[in-house]
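What follows is a set of notes on a single structure, which appears directly below.
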2 protein chains.
Amino acid sequence: MTPAIAPDIAVVPRSHTAKRLSIIDAAACVFCREGFAGANIDLIAAEAGVSRQTVYNHHGDKENLLVAVVREITERINAGVFDTLATFPDKPVDLEADLVAFAVRLNQNCICNRDGKFLRKLLHTEGERYPALFAGWREDGPAKTWAALAARFARLAHAGWLEIDDPDVAARQFLALVNADLQMAMIFGDTVSEEQLRTAATNAVRCFLRAYGKPRPAAI
Amino acid sequence: MTPAIAPDIAVVPRSHTAKRLSIIDAAACVFCREGFAGANIDLIAAEAGVSRQTVYNHHGDKENLLVAVVREITERINAGVFDTLATFPDKPVDLEADLVAFAVRLNQNCICNRDGKFLRKLLHTEGERYPALFAGWREDGPAKTWAALAARFARLAHAGWLEIDDPDVAARQFLALVNADLQMAMIFGDTVSEEQLRTAATNAVRCFLRAYGKPRPAAI
DNA sequence: ATATTTTTAGACAGACTTGTCCAAATCGTC
DNA sequence: GACGATTTGGACAAGTCTGTCTAAAAATAT
């Protein structure tokens with residue numbers, strides 16, 4: 001009879017790639033908590049449930065590990081943004097309600113989630129020192145996000161739902177408004193309740209529609 | 001005849017308090033560049049033009065130095081915000097132009113300047129780890145700023161310039177809009193041109209007034 | 001000019017990290 | 001079950017950093 005194993009310290013055997021992921025996740029967490037200089041490889045290894053040597057085997061170097069972390073996080077974020085953008089209400093029924101729901105999804109899947117927090121923190125702590133690290137993201141991330149969102153708004157305007165001069169500006173403003181009420185909570189890592197998320201999105205969309213909504217939706 | 005001294009390495013004798021300030025400024029700079037863990041006391045001393053021992057004489061401890069830095073910066077920022085808030089266009093002539101000018105001042109004096117950058121960086125790098133450090137600022141800073149700005153907007157609304165349901169929400173949205181176009185530049189420490197500042201402010205105010213401006217200014 | 005305080009430069013111990021090396025243990029595969 | 005690859009734990013050198021201590025130099029006040 002095999003001895004029982006305490007479930008929370010259970011040594012689950014994991015594959016090579018699973019360990020790679022686990023290391024990157026732990027590293028992201030520790031880098032964000034302690035900053036690059038303050039991050040301790042022993043701690044990362046422990047948090048990943050792996051020996052220190054394994055960390056070095058996989059990524060070779062602390063700086064290299066940071067590169068891997070940034071690559072992984074930005075890829076995940078880009079994917080999340082892409083997926084969420086695909087749920088934009090192109091053919092809205094109730095424009096306000098649909099945009100609110102979209103804004104909530106945006107916050108949940110791209111900004112308030114684990115990866116969003118990581119990227120934000122890494123950007124602020126290392127963005128200025130290692131601009132090259134984020135150069136790729138800067139081109140593939142915000143620029144394309146803004147353009148994509150601007151295109152959606154432009155289409156809504158063309159369909160008579162909105163009245164917009166500059167869709168690019170409107171897109172950036174939409175995103176800024178959506179985050180207006182959450183900034184403080186996110187800086188201090190407070191957990192944001194579903195309720196707060198909805199209120200923030202509602203406030204944002206109401207303001208956005210007051211500014212850019214047509215007085216009456218276009219008649220079909 | 002006293003020998004000439006190269007002006008940029010000139011050893012300017014400075015008072016006790018001047019050195020205290022110089023140390024805090026250098027520490028703020030280094031803490032922001034390198035993060036708390038990565039900051040090197042020797043480097044801070046060198047950047048302050050002071051021996052390392054003097055740093056220890058004044059502030060005793062690295063952590064203590066961080067506390068002093070945060071206190072100094074938050075005090076300066078609060079003062080700057082207060083001063084700028086006092087220039088709010090309470091009796092506007094051209095509401096759009098006046099609000100744009102106010103937004104530009106806000107960005108220049110509170111957000112894009114040296115102290116604004118320092119506070120932002122310190123908040124993001126150490127805010128989650130030392131929440132107590134910023135607890136005081138959190139109460140005296142954003143909360144009061146929002147309330148004060150909200151009161152101004154409420155007065156403008158009462159005077160017939162604006163149509164606002166919730167002045168607090170509107171105040172936060174105004175600030176969010178004002179920063180919408182500058183976020184990326186600030187993260188990467190890019191210098192923001194006067195031009196960019198004006199455009200950002202103009203975009204923000206136009207959107208804000210589309211949302212909350214009265215169709216026609218109140219007749220006198 | 002003298003006495004007191006502050007500042008400086010350098011040495012120093014103690015602690016901590018990174019990255020390497022290695023032999024034993026473990027895992028996955030045939 | 002046997003083989004090769006991966007992982008582990010621990011030891012290790014080299015370097016960095018903090019914070020203290022000292023005696024000499026400089027600045028300030030009297």
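Small disclaimer: the values here were computed from a predicted structure and weren't measured. Reminder, nothing fancy here: chain letters follow the sequence lines and each chain counts from 1.
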Handout entry: Exercise: do A/Thr199 and A/Thr202 side chains pair donor with acceptor under 3.5 Å
Key = no

Practice task
Apply side chain to side chain contact (heavy atoms under 4.5 Å, CB included) to the pair A/Glu128 and B/Lys117, showing each step before the final yes or no.
Solution key: CA-CA 12 Å; A/Glu128 209 170 340; B/Lys117 180 179 165 182; 3.0 Å; yes

Practice task
Kindly indicate, with the supporting measurements, whether the criterion salt bridge (Lys or Arg N to Asp or Glu O under 4.0 Å) is fulfilled by A/Asp168 and A/Arg152.
Solution key: CA-CA 10 Å; A/Asp168 287 291; A/Arg152 310 282 183 148; over 6 Å; no

Practice task
Can you run through DNA chain D from 5' to 3' and write each base as (, ), [, ], | or . depending on how it pairs? Watson-Crick or G-U wobble, both distances under 3.5 Å.
Solution key: ||||||||||||||||||||||||||||||

Completion exercise
ring pair (Phe, Tyr, Trp, His ring centres under 6.0 Å) filter on B/His59, not counting sequence neighbours, yields none

Practice task
In whole angstrom, give the distance that lies between atom CZ of B/Arg20 and atom P of C/dT6.
Solution key: 12 Å

Exercise for the section: Answer yes or no: does a side-chain N or O of B/Lys19 lie under 4.0 Å from OP1 or OP2 of C/dT8? Expected result: yes

Fill in the blank from the handout: Separation of D/dT8 atom P from A/Asn57 atom CG, nearest Å, is 9 Å

Are any protein N/O atoms closer than 3.5 Å to N/O atoms in nucleotides 17-19 of chain C? If there are, list each pair with its distance.
from: C/dT17; atom 1: OP1; to: A/Asn40; atom 2: ND2; distance (Å): 3.1
from: C/dT17; atom 1: OP2; to: A/Asn40; atom 2: ND2; distance (Å): 3.3
from: C/dT17; atom 1: O5'; to: A/Asn40; atom 2: ND2; distance (Å): 3.2
from: C/dT18; atom 1: OP1; to: A/Ala39; atom 2: O; distance (Å): 2.9
from: C/dT18; atom 1: OP1; to: A/Ile41; atom 2: N; distance (Å): 3.4
from: C/dT18; atom 1: OP1; to: A/Lys62; atom 2: NZ; distance (Å): 3.4
from: C/dT18; atom 1: OP2; to: A/Ile41; atom 2: N; distance (Å): 3.4
from: C/dG19; atom 1: OP1; to: A/Asp61; atom 2: OD1; distance (Å): 2.9
from: C/dG19; atom 1: OP2; to: A/Tyr56; atom 2: OH; distance (Å): 3.4
from: C/dG19; atom 1: OP2; to: A/Lys62; atom 2: N; distance (Å): 3.4

Practice task
Take the protein atom CD1 of B/Ile44 and the nucleotide atom P of D/dT18, then report the distance between them rounded to whole Å.
Solution key: 8 Å

Problem - Candidate pair B/Glu126 and B/Lys121, rule salt bridge (Lys or Arg N to Asp or Glu O under 4.0 Å), full reasoning - result: CA-CA 8 Å; B/Glu126 320 297 341; B/Lys121 204 95 186 262; over 6 Å; no

Practice task
Indicate whether OP1 or OP2 belonging to D/dG9 is found under 4.0 Å from a side-chain N or O atom of A/Ser51.
Solution key: no

Exercise for the section: Run the ring-centre check on B/Tyr130 versus B/Phe134 and record whether the distance is less than 6.0 Å. Expected result: no

Exercise for the section: Could you tell me the separation between the CD atom of A/Glu34 and the C1' atom of C/dC16, rounded to a whole number of Å? Expected result: 14 Å

Fill in the blank from the handout: CD1 of B/Ile23 to CD of B/Glu72, rounded to nearest 0.5 Å, is 12.5 Å

Practice task
Give B/His58 one of three labels, base, sugar-phosphate or nothing, depending on what nucleic acid heavy atoms sit under 4.0 Å from its own.
Solution key: sugar-phosphate

Handout entry: Aromatic ring proximity A/Phe153/A/Phe88, centre distance under 6.0 Å
Key = yes

